[in-house]
Amino acid sequence: MASMHYPLQKNDAGLAQAQHLGGMGGMGEFAASVAHEVRQPLAAITLNADAALRWLDHDPPRLDEARAALALVASAGSHASAVLRSVQDLACNTPGSHGHFVADDAVQDLLPLLCAPLQRHAIRLETQLAPGRPLLHADPVQFRQVILNLLMNAIEALQGTSGRPRTVLLSSRLDGEVQHFSIADNGAGIAPQAAGRLYHALYSSKPDGMGMGLAICRRIVDAHGGRLWHAPGAPHGSVFHFTLPAP
């Protein structure tokens, strides 16, 4: 996709920074990236804040449940703040904050953000992560962005599925010098005419899609020295794979 360019005015620091965002294709893609990446944590904040108010309205108030809901609000808020910093780093080609962490723990951190859409669409999420809790060396926020985007894509792909249980499988394995992650769904699959453009920024095969999730995923995975690709599922759906170098 062609980059968007904006005229640079003398002594205009804001536009100078906008010029610096060429890594995301300009301000239009940067704004779309921010909107896309904070959508899920903001939805979790709203959902759990409403739940906390309902628990407090009980007679007597259900304080333990309200505290639990508010803890999820705080967690989603922290995630949204971290994602905003991550998107800015990606846009400005700034190296992420790499560290060692366990993939299992990072996945568990995401589950509160996924509970509502999974329950709403009657989808069962299964995880089969590599045994032994191997360490990853990556930016933990950006790793969670990739996992969350791929899982949300799988959930959305299943919304129109009927006649069979709706399932998503997140699995990982150590494969030589890389860790290999897969997210599989048993939905309708990807139309052939869409397959070649899935990773283009601002392209979406969904009517209400923003077309940024897979573009962001590929940018993150590439920046970590890994690969991202997809394949048809068997017998239904799609499987998205990505690799990251093992520490």
Side-chain angles (χ1 to χ4, degrees), residues 1 24 29 32-44 76 79-80 83 86-87 90 103 106-107 109-129 141-162 164-172 180-222 224 226-234 236-244:
M1 175 177 173
M24 278 292 190
E29 288 182 21
S33 301
V34 171
H36 182 278
E37 295 299 277
V38 301
R39 180 171 53 178
Q40 199 60 34
L42 288 180
H79 179 70
V83 164
S86 171
V87 172
L90 284 172
V107 170
D109 289 343
L110 292 177
L111 293 185
L113 300 179
L114 295 167
C115 285
L118 288 169
Q119 292 174 359
R120 185 182 310 121
H121 301 292
I123 296 170
R124 185 175 76 253
L125 171 63
E126 301 176 3
T127 58
Q128 295 177 1
L129 299 183
V141 174
Q142 293 181 355
F143 171 76
R144 287 194 292 268
Q145 283 179 262
V146 173
I147 293 289
L148 182 59
N149 273 318
L150 295 178
L151 287 174
M152 283 304 304
N153 280 355
I155 290 170
E156 291 170 1
L158 285 165
Q159 292 178 16
T161 301
S162 60
R164 57 180 179 270
R166 301 173 178 180
T167 60
V168 176
L169 173 62
L170 166 61
S171 59
S172 69
H180 184 140
F181 296 86
S182 300
I183 292 89
D185 68 76
N186 66 336
I190 298 169
Q193 62 269 25
R197 302 181 62 192
L198 282 180
Y199 305 98
H200 293 189
L202 301 180
Y203 170 79
S204 178
S205 59
K206 297 169 287 190
D208 58 347
M210 299 187 69
M212 291 306 304
L214 289 174
I216 290 170
C217 288
R218 173 158 280 182
R219 184 170 177 81
I220 290 172
V221 172
D222 287 351
H224 282 77
R227 290 179 56 229
L228 169 66
W229 72 99
H230 67 277
H236 306 288
S238 303
V239 187
F240 281 83
H241 305 270
F242 72 94
T243 61
L244 293 174

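Residue indices begin at 1 and follow the sequence shown.
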Interatomic distance, Q40 atom CD to N149 atom CG [nearest 0.5 angstrom]
9.5 Å
Please report the interatomic distance NE2(H180) to CZ(R227), rounded to the nearest 0.5 Å.
8.5 Å
S172: side-chain hydrogen bond (donor to acceptor under 3.5 Å, both in side chains) partners, not counting sequence neighbours
none
Please enumerate all residues that pass side-chain contact (heavy atoms from CB on, under 4.5 Å) together with A80, with sequence neighbours excluded.
P41
Tightest non-hydrogen contact, residues S171 and L129, listed as C-CD2, 4.3 Å
Would you mind reporting whether Q145 and V87 have side-chain heavy atoms less than 4.5 Å apart?
yes
Residues forming a side-chain contact (heavy atoms from CB on, under 4.5 Å) with H121, sequence neighbours excluded:
I123, I155, Q159, R166
Measuring from L151:CG to E156:CD, what's the distance to the nearest 0.5 Å?
11.0 Å
Residues R144 and A106: closest non-hydrogen pair is CD-O, 3.5 Å
Listed by chain and number, what are the ring-ring contact (aromatic ring centres under 6.0 Å, His included) partners of F181, not counting sequence neighbours?
F143, F242
Applying side-chain contact (heavy atoms from CB on, under 4.5 Å), name anything that partners R218, two or more places apart in sequence or on another chain.
Y199, D222, L228
Note: P117 and L113 closest approach over all heavy atoms is CD-O, 3.9 Å
Quick one: side-chain hydrogen bond (donor to acceptor under 3.5 Å, both in side chains) partners of R124, sequence neighbours excluded?
E126
What are the two closest heavy atoms between P232 and V239, and how far apart are they?
O-CG2, 4.3 Å
Applying salt bridge (Lys or Arg N to Asp or Glu O under 4.0 Å) as the test, list every pair that has at least one member in residues 181-193; sequence neighbours left out.
none
Pairwise distance CG(N153) to SG(C217) - rounded to 0.5 angstrom:
7.0 Å
Under the ring-ring contact (aromatic ring centres under 6.0 Å, His included) test, residues paired with F240 that sit two or more places apart
H230
Value rounded to 0.5 Å, distance of OG1 in T127 from CD1 in I147
11.0 Å
Atom pair CE/CG of M152 and L150 - distance to nearest 0.5 Å
11.5 Å
Applying side-chain contact (heavy atoms from CB on, under 4.5 Å), can you list everything that pairs with N186, at least two apart in sequence or on another chain?
L158, R164, T167, H236
Please determine whether side-chain contact (heavy atoms from CB on, under 4.5 Å) holds for the pair H79 and L110, giving the CA-CA distance in whole Å, both sets of side-chain angles, and the decisive distance to 0.1 Å.
CA-CA 9 Å; H79 179 70; L110 292 177; 4.1 Å; yes
Please report the C-alpha distance between V221 and W229 in whole Å, then the side-chain angles of each, then the deciding distance to 0.1 Å, and finally whether the side-chain contact (heavy atoms from CB on, under 4.5 Å) criterion is met.
CA-CA 10 Å; V221 172; W229 72 99; over 6 Å; no
Under the ring-ring contact (aromatic ring centres under 6.0 Å, His included) test, residues paired with H224 that sit two or more places apart
H98
